[in-house]
Amino acid sequence: MSHHPPNPPVIHSFASSEVLMSSLASFVVKAQKEAIDKKGRFTIALSGGSLPKQLSGLIGNHAVKWDMWQVFYADERVVPLDHPDSNHNLCTAELFSKVPIPTANIRTIDPNLLSDLEELSDAYEQELIREFAQKDAARFPVFDLILLGVGPDGHTASLFPGHELLAEEDRWVAYIEDSPKPPPKRITLTYPVINHASRVVFVAVGEGKAEILSEVLDSPEKGLPASRVKPVHPGQLFWFVDEKAAAKLRVPSQDFKL
Ligand SMILES: O=C(O)[C@H](O)[C@@H](O)[C@H](O)[C@H](O)COP(=O)(O)O
């Protein structure tokens with residue numbers, strides 16, 4: 001692993017959420033192409049919240065090779081897969097039900113293990129090991145792309161401010177039983193996994209994000225969960241935001257060019 005310090009985040013601010021969505025789709029397609037050219041598959045982790053909707057630029061997009069995608073969840077609520085709180089349920093409603101992705105390529109939590117968080121998160125870690133371990137021979141999986149949101153408290157995935165999980169250095173997948181935001185039981189990718197990805201993208205839209213974006217990006221020393229996302233070199237962190245979310249930012253943004 002390189003001793004190079006993490007690159008600073010690249011911030012792209014867009015005039016509207018429509019422009020953001022089409023630019024995000026182009027970005028994802030480019031990441032997909034690079035990954036498939038290199039190793040014949042594309043590994044991506046998705047979140048819930050408003051994120052799945054922001055991916056609608058991928059629907060009907062013929063450049064997307066859905067059969068090459070291996071989709072994991074950056075975090076998941078420990079509820080049945082068809083439950084309204086399930087991130088998988090949300091991603092299916094917003095995206096997967098509208099595109100030709102093989103069901104086997106979407107790696108959900110095991111719905112038979114909902115009553116045992118430890119077993120459930122171990123099983124999801126095994127799922128990751130099956131996908132990554134032998135193939136990449138790395139200590140941590142290297143996702144081609146991880147897509148995240150940020151909450152008003154600065155949380156991302158299910159990594160919440162002040163929680164002991166922020167210090168997890170070993171496991172790939174961890175569970176929490178006391179999420180401050182309901183539902184309380186969740187599993188999440190840990191920082192070592194998030195920070196070994198090739199690309200991590202935060203998506204944040206609307207004036208409701210302006211305050212927390214400034215805290216996360218202008219005051220990273222506060223150590224909010226989203227500020228701790230710092231992919232190791234040569235991994236790169238990007239922020240795709242709209243002008244309303246960027247309104248209070250002091251750090252500069254950059255034009256989006258593919
Ligand atoms: O797990 C959760 O409780 C939510 O999914 C949460 O993590 C959400 O993703 C962020 O709060 C960003 O929310 P938006 O993307 O809707 O702004």
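In this chain, numbering begins with 1 at the start of the sequence shown. As the structure is a prediction and not an experimental result, all values here were calculated from the model.
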Who are the side chain to side chain donor-acceptor pair (under 3.5 Å) partners of D37, not counting sequence neighbours?
K33
Ignoring hydrogens and angles, tell me if any N or O in the side chain of T156 forms a donor-acceptor pair with the backbone of G149 under 3.5 Å.
yes
Closest non-hydrogen atoms of S198 and V142, given as atom of the first, atom of the second and distance, are OG-CG1, 3.6 Å
Using a 3.5 Å distance criterion without hydrogens, assess whether the side chain of S86 forms a donor-acceptor pair with backbone atoms of D82.
no
Assess whether a salt bridge exists between R199 and E34, defined as any Lys/Arg side-chain N lying under 4.0 Å from an Asp/Glu carboxylate O.
yes
Taking everything shown except E164 itself, do over 12 heavy atoms lie less than 6.0 Å from its CD?
no
Closest non-hydrogen contact found for L217 with P220 is O-CD, 3.6 Å
Do S26 and L258 touch side chain to side chain, with heavy atoms closer than 4.5 Å?
yes
Spacing of E76 atom CD and S47 atom OG [to the nearest 0.5 Å]:
10.5 Å
Would you please name every residue forming a ring pair (Phe, Tyr, Trp, His ring centres under 6.0 Å) with F143, sequence neighbours left out?
F72, F132
Apply the test side chain to side chain contact (heavy atoms under 4.5 Å, CB included) to residues F256 and V19: give CA-CA distance (whole Å), side-chain angles for both, the deciding distance (0.1 Å), then the verdict.
CA-CA 11 Å; F256 177 71; V19 187; over 6 Å; no
Using the side chain to side chain donor-acceptor pair (under 3.5 Å) criterion, which residues pair with D178? Sequence neighbours excluded.
H163
So salt bridge (Lys or Arg N to Asp or Glu O under 4.0 Å) across residues 90-103, not counting sequence neighbours, yields K53-E94
Honestly curious: do F160 and L165 fall in one hydrophobic cluster under the side-chain, below-4.5 Å linking rule?
yes
Does D67 have any side-chain contact (heavy atoms from CB on, under 4.5 Å) partners at least two apart in sequence or in another chain, and if so, which?
K65, P102
For residues I106 and T92, determine if any side-chain heavy atom of one lies less than 4.5 Å from a side-chain heavy atom of the other.
no
Is there a donor-acceptor pair under 3.5 Å between the side chain of S219 and the backbone N or O of K222?
no
Partner residues of Q70 under the side chain to side chain donor-acceptor pair (under 3.5 Å) criterion, sequence neighbours left out
R107
Locate the shortest heavy-atom distance separating V78 from I109; write the atom from each residue and the value.
CA-CD1, 4.4 Å
Please list all pairs passing the side-chain hydrogen bond (donor to acceptor under 3.5 Å, both in side chains) test where one or both residues lie in residues 179-188, with sequence neighbours left out.
S158-R186, S179-R186
Inspect the contact between R171 and E168 and indicate whether a charged nitrogen and a carboxylate oxygen are less than 4.0 angstrom apart.
no
If hydrophobic clusters are built by linking Ile, Leu, Val, Met, Phe, Trp and Tyr wherever their side-chain heavy atoms come under 4.5 Å apart, do M21 and L147 end up in the same one?
no
Contact between W172 and P192 at the side-chain level, heavy atoms closer than 4.5 Å - yes or no?
no
For I212 against G154, the heavy-atom pair lying closest together:
CD1-N, 3.5 Å
Pair L120, I187 - check side chain to side chain contact (heavy atoms under 4.5 Å, CB included), show working.
CA-CA 8 Å; L120 178 87; I187 64 163; 3.8 Å; yes
Student check: side-chain heavy atoms of L189 and L128 closer than 4.5 Å:
yes
In the single-linkage hydrophobic clustering (I, L, V, M, F, W, Y; side-chain heavy atoms under 4.5 Å), do V71 and Y124 co-cluster?
yes
Joint hydrophobic cluster, F27 plus L237, side-chain heavy atoms closer than 4.5 Å
yes
State plainly whether one hydrophobic cluster holds both L24 and L90, where clusters connect Ile, Leu, Val, Met, Phe, Trp and Tyr through side-chain heavy atoms under 4.5 angstrom apart.
no
Which residues pass the side-chain contact (heavy atoms from CB on, under 4.5 Å) test with V10, sequence neighbours left out?
H12, Q236, F238, Q254
Side-chain donor-acceptor pairs under 3.5 Å in residues 224-232, sequence neighbours left out?
from : atom 1 : to   : atom 2 : distance (Å)
S227 : OG     : V216 : O      : 2.9
R228 : NE     : G223 : O      : 2.7
R228 : NH2    : G223 : O      : 3.3

Separation of D122 CG from E127 CD (nearest 0.5 Å)
13.0 Å
How about T190 and L159: do any of their side-chain heavy atoms sit closer than 4.5 Å?
no
Taking N89 for the side chain and H83 for the main chain, is one N or O donor matched with an acceptor at less than 3.5 Å?
yes
Which atom names give the shortest non-hydrogen contact between A174 and S121, and what distance separates them?
C-CB, 4.3 Å
State which residue, out of K38, K39, Q32, fulfils the side-chain hydrogen bond (donor to acceptor under 3.5 Å, both in side chains) condition with D144.
K39
For residues 110-118, please give each side-chain donor-acceptor pair under 3.5 Å, one per line with the distance, not counting sequence neighbours.
from : atom 1 : to   : atom 2 : distance (Å)
D110 : OD1    : N112 : N      : 2.8
D110 : OD1    : N112 : ND2    : 3.3
D116 : OD1    : E118 : N      : 3.2
D116 : OD1    : E119 : N      : 3.1
E118 : OE1    : Y175 : OH     : 3.4

Side chain to side chain contact (heavy atoms under 4.5 Å, CB included) assessment of N87 paired with L46
CA-CA 9 Å; N87 284 341; L46 299 182; over 6 Å; no
Measuring only between side-chain heavy atoms, which start at C-beta, is P6 closer than 4.5 Å to H233?
no
Show the numbers, then the answer: is there a side chain to side chain contact (heavy atoms under 4.5 Å, CB included) between V64 and V28?
CA-CA 9 Å; V64 183; V28 173; over 6 Å; no
Just distance, no hydrogens or angles: give the donor-acceptor pairs under 3.5 Å from side chains in residues 242-251, sequence neighbours left out.
from : atom 1 : to   : atom 2 : distance (Å)
D242 : OD1    : G206 : N      : 3.0
D242 : OD1    : A245 : N      : 2.9
D242 : OD2    : G206 : N      : 3.2
K248 : NZ     : E211 : OE1    : 2.8

Using 0.5 Å steps for rounding, measure from the CD atom of E18 to the OG atom of S56.
9.0 Å
Does any part of the side chain of V200, heavy atoms only, come nearer than 4.5 Å to the side chain of L148, both counted from C-beta?
yes
Please confirm whether the ring centroid of F202 lies under 6.0 Å from the ring centroid of F240.
no
Nearest heavy atoms of A204 and L213, plus distance in Å
CB-CD1, 3.7 Å
For residues 88-117, pull every pair meeting ring-ring contact (aromatic ring centres under 6.0 Å, His included), keeping only residues two or more places apart or in separate chains.
Y73-H88
Any non-hydrogen side-chain atom of V201 less than 4.5 Å from a side-chain atom of I146?
no
